[in-house]
2 protein chains.
Amino acid sequence: MTHLLPLADDPAPERADAARNRQAILAAALHLVETRGVACVTMDTVASEAGVGKGTLFRRFESREGLMAAVLNESETAWQASVISGPPPLGPGAPAMERLHAFGHSRLRANLVHADLIAAAGAPGTRSVAALSFANMHVRYLLGELGVTGDLLMLATAVLAPLEMIVLEQQVNREQISLERIEAGWDDLVRRIVGC
Amino acid sequence: MTHLLPLADDPAPERADAARNRQAILAAALHLVETRGVACVTMDTVASEAGVGKGTLFRRFESREGLMAAVLNESETAWQASVISGPPPLGPGAPAMERLHAFGHSRLRANLVHADLIAAAGAPGTRSVAALSFANMHVRYLLGELGVTGDLLMLATAVLAPLEMIVLEQQVNREQISLERIEAGWDDLVRRIVGC
DNA sequence: GGTCGAAACGGACCGCGGTCCGCTTCTATT
DNA sequence: AATAGAAGCGGACCGCGGTCCGTTTCGACC
């Protein structure tokens with residue numbers, strides 16, 4: 001075998017025009033989301049802005065949720081990168097406890113900033129599974145570093161659940177709770193789960 | 001003043017035909033949800049089944065989410081009643097810790113049973129605010145009984161967050177985690193939050 | 001019972017998400 | 001360069017949630 005043979009690719013490597021269209025659609029969607037806000041972005045608009053037919057959008061991204069998830073993914077990826085290899089205390093280099101707190105605060109803010117996009121991206125499962133379980137995996141790792149014993153998967157879920165948009169939405173918009181109080185409450189939660 | 005005078009009613013007491021229609025709509029919706037499943041229930045169907053125009057549905061229930069929330073509310077009310085005045089350990093009479101665990105398990109199951117209806121009822125805020133904060137208030141009360149100190153509102157939120165449908169959905173459908181493990185994980189969480 | 005304003009009604013209508021299928025474009029092969 | 005057929009394309013079309021407004025019904029008051 002030579003280096004010209006395709007090495008363990010996907011069985012169907014994307015065709016050139018398809019790739020071009022995917023890029024065009026993604027760029028158009030991102031632009032429209034930024035300028036008009038998520039709510040005002042219709043599939044027809046994205047299609048015409050990208051200069052493709054509507055069918056193409058749905059073949060590439062499955063649904064509106066899928067497209068929004070793809071847009072969201074752009075910033076999510078950057079955020080993940082800063083968790084994995086950015087400067088401390090979010091990135092590696094700081095003590096695990098500091099990293100965990102930085103993680104929570106950062107995630108909290110990221111969720112609030114992209115609130116409407118996250119809502120439009122819909123239930124997890126539409127977003128890539130890998131992206132979704134990243135947070136859980138990272139928290140599990142940090143809890144391990146802190147010497148926490150028990151069902152770490154469950155504990156990580158418990159730590160992350162209060163940061164979910166649906167919960168934050170209720171607290172911020174409905175109950176008018178300040179960001180500081182939410183952060184403090186989350187810090188307390190972490191302390192109780194880790195400590196003792 | 002006599003007993004014939006309306007006592008501190010809403011300013012606009014519902015007209016007779018309006019009340020009749022509300023009942024008919026709710027009954028039709030409930031029936032259709034039970035027989036065909038939430039996903040197959042369209043507003044047109046409910047309207048014709050109830051023998052009213054579509055406009056009436058939307059005037060009474062605001063949106064599809066609102067209608068589904070109203071349907072969901074029927075069973076939620078019953079559940080709340082059993083928490084407030086049902087038999088122990090869920091109702092009053094048992095030690096606070098037992099009640100709390102019973103509460104969590106009961107809520108967990110209720111959420112899973114009505115999963116699709118809850119999803120269709122959409123974000124909180126569509127459902128009545130009272131109904132939504134009931135769980136939080138109850139948990140806060142139980143935590144107080146247990147002598148927990150701190151920001152009880154935040155702690156109650158932390159206790160309830162892992163029971164939210166969006167979290168459970170991920171665990172049950174995506175990660176295939178058993179109900180027992182979820183319950184055990186939640187029990188552990190409660191112990192850590194209360195204890196120490 | 002008759003009158004009148006307000007409230008409720010209902011179905012035609014709209015926009016959007018999503019599908020379908022005949023046509024076009026790409027690329028592997030010779 | 002020619003070819004063939006798979007992959008991609010696009011826009012007409014559909015169903016559903018939601019709105020609008022001319023018409024009907026209610027019930028308070030005379």
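First the proteins, then the strands, lettered A, B, ... as listed; each starts at 1.
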Worksheet item: Contact class for B:Arg15 vs. all strands (heavy atom < 4.0 Å): base, sugar-phosphate, or nothing?
Response: base
Discussion item. Need one value for A:Arg60: base, sugar-phosphate or nothing, where a base atom within 4.0 Å counts as base even if backbone is also close, heavy atoms only.
Written reply: sugar-phosphate
Worksheet item: Where the side chain of A:Ala16 is defined as all heavy atoms beyond and including C-beta, which of C:dC26, C:dA8, C:dT19 is the nearest nucleotide?
Response: C:dC26
Worksheet item: Out of curiosity, does A:Leu146 fall in the hydrophobic cluster containing A:Met137 (side-chain heavy atoms, cut-off under 4.5 Å, transitive links)?
Response: no
Practice prompt. Working to the nearest 0.5 Å, report the span between CG of A:Leu155 and CD1 of A:Ile193.
Written response: 6.0 Å
Worksheet, complete the sentence: Under a 4.0 Å heavy-atom cutoff, the residues of residues 24-52 of chain B touching DNA chain C are B:Val52
Item to complete: Please state how far atom CG in A:Leu67 lies from atom P in C:dG17, giving the value in whole angstrom units.
Response: 10 Å
Practice prompt. Describe, in one word, how the ring planes of B:His101 and B:Trp186 are oriented to each other, choosing from parallel (under 30°), tilted (30 to 60°) and perpendicular (over 60°).
Written response: perpendicular
Discussion item. Could you tell me how far apart B:Phe58 (CZ) and D:dC16 (P) are, to the nearest whole angstrom?
Written reply: 12 Å
Worksheet item: Atom CZ of B:Phe61 to atom C1' of D:dT19: distance rounded to whole Å?
Response: 18 Å
Fill in: Nearest-nucleotide pick for A:Arg59, side chain only, options being C:dC9, D:dG17, D:dC9
D:dC9
Worksheet, complete the sentence: Sorted by position of nearest nucleotide on DNA chain D, 5' first, the leading residue of B:Arg20 and B:Glu62 is B:Glu62
Worksheet, complete the sentence: Rounded to whole Å, CZ of A:Arg64 lies from P of C:dT19 at a distance of 15 Å
Practice prompt. Check whether more than 12 heavy atoms from other residues, nucleotides or ligands sit under 6.0 Å from atom CD of A:Glu175, and answer yes or no.
Written response: yes
Discussion item. Of the options D:dC9, D:dT25, D:dG11, whose atoms approach the side-chain atoms of A:Lys54 most closely?
Written reply: D:dG11
Worksheet item: Within a reach of under 6.0 Å around NE2 of B:His105, are more than 12 heavy atoms found that belong to other residues, nucleotides or ligands?
Response: yes
Worksheet item: What orientation do A:Tyr141 and A:His138 show, parallel under 30°, tilted 30 to 60°, or perpendicular over 60°?
Response: tilted
Response to the item:
Looking only at C:dG10, C:dA8, C:dG18, the nucleotide nearest the B:Thr56 side chain is C:dG10
Worksheet entry | Under 4.0 angstrom between B:Asn21 side-chain N/O and C:dC9 OP1 or OP2 | yes
Worksheet entry | Trace of the salt bridge (charged side-chain N to carboxylate O under 4.0 Å, His left out) decision for B:Arg20 with B:Asp17 | CA-CA 5 Å; B:Arg20 218 180 317 123; B:Asp17 53 345; 5.6 Å; no
Practice prompt. Can you tell me the distance, in whole Å, between the CG atom of B:Leu57 and the P atom of C:dG10?
Written response: 10 Å
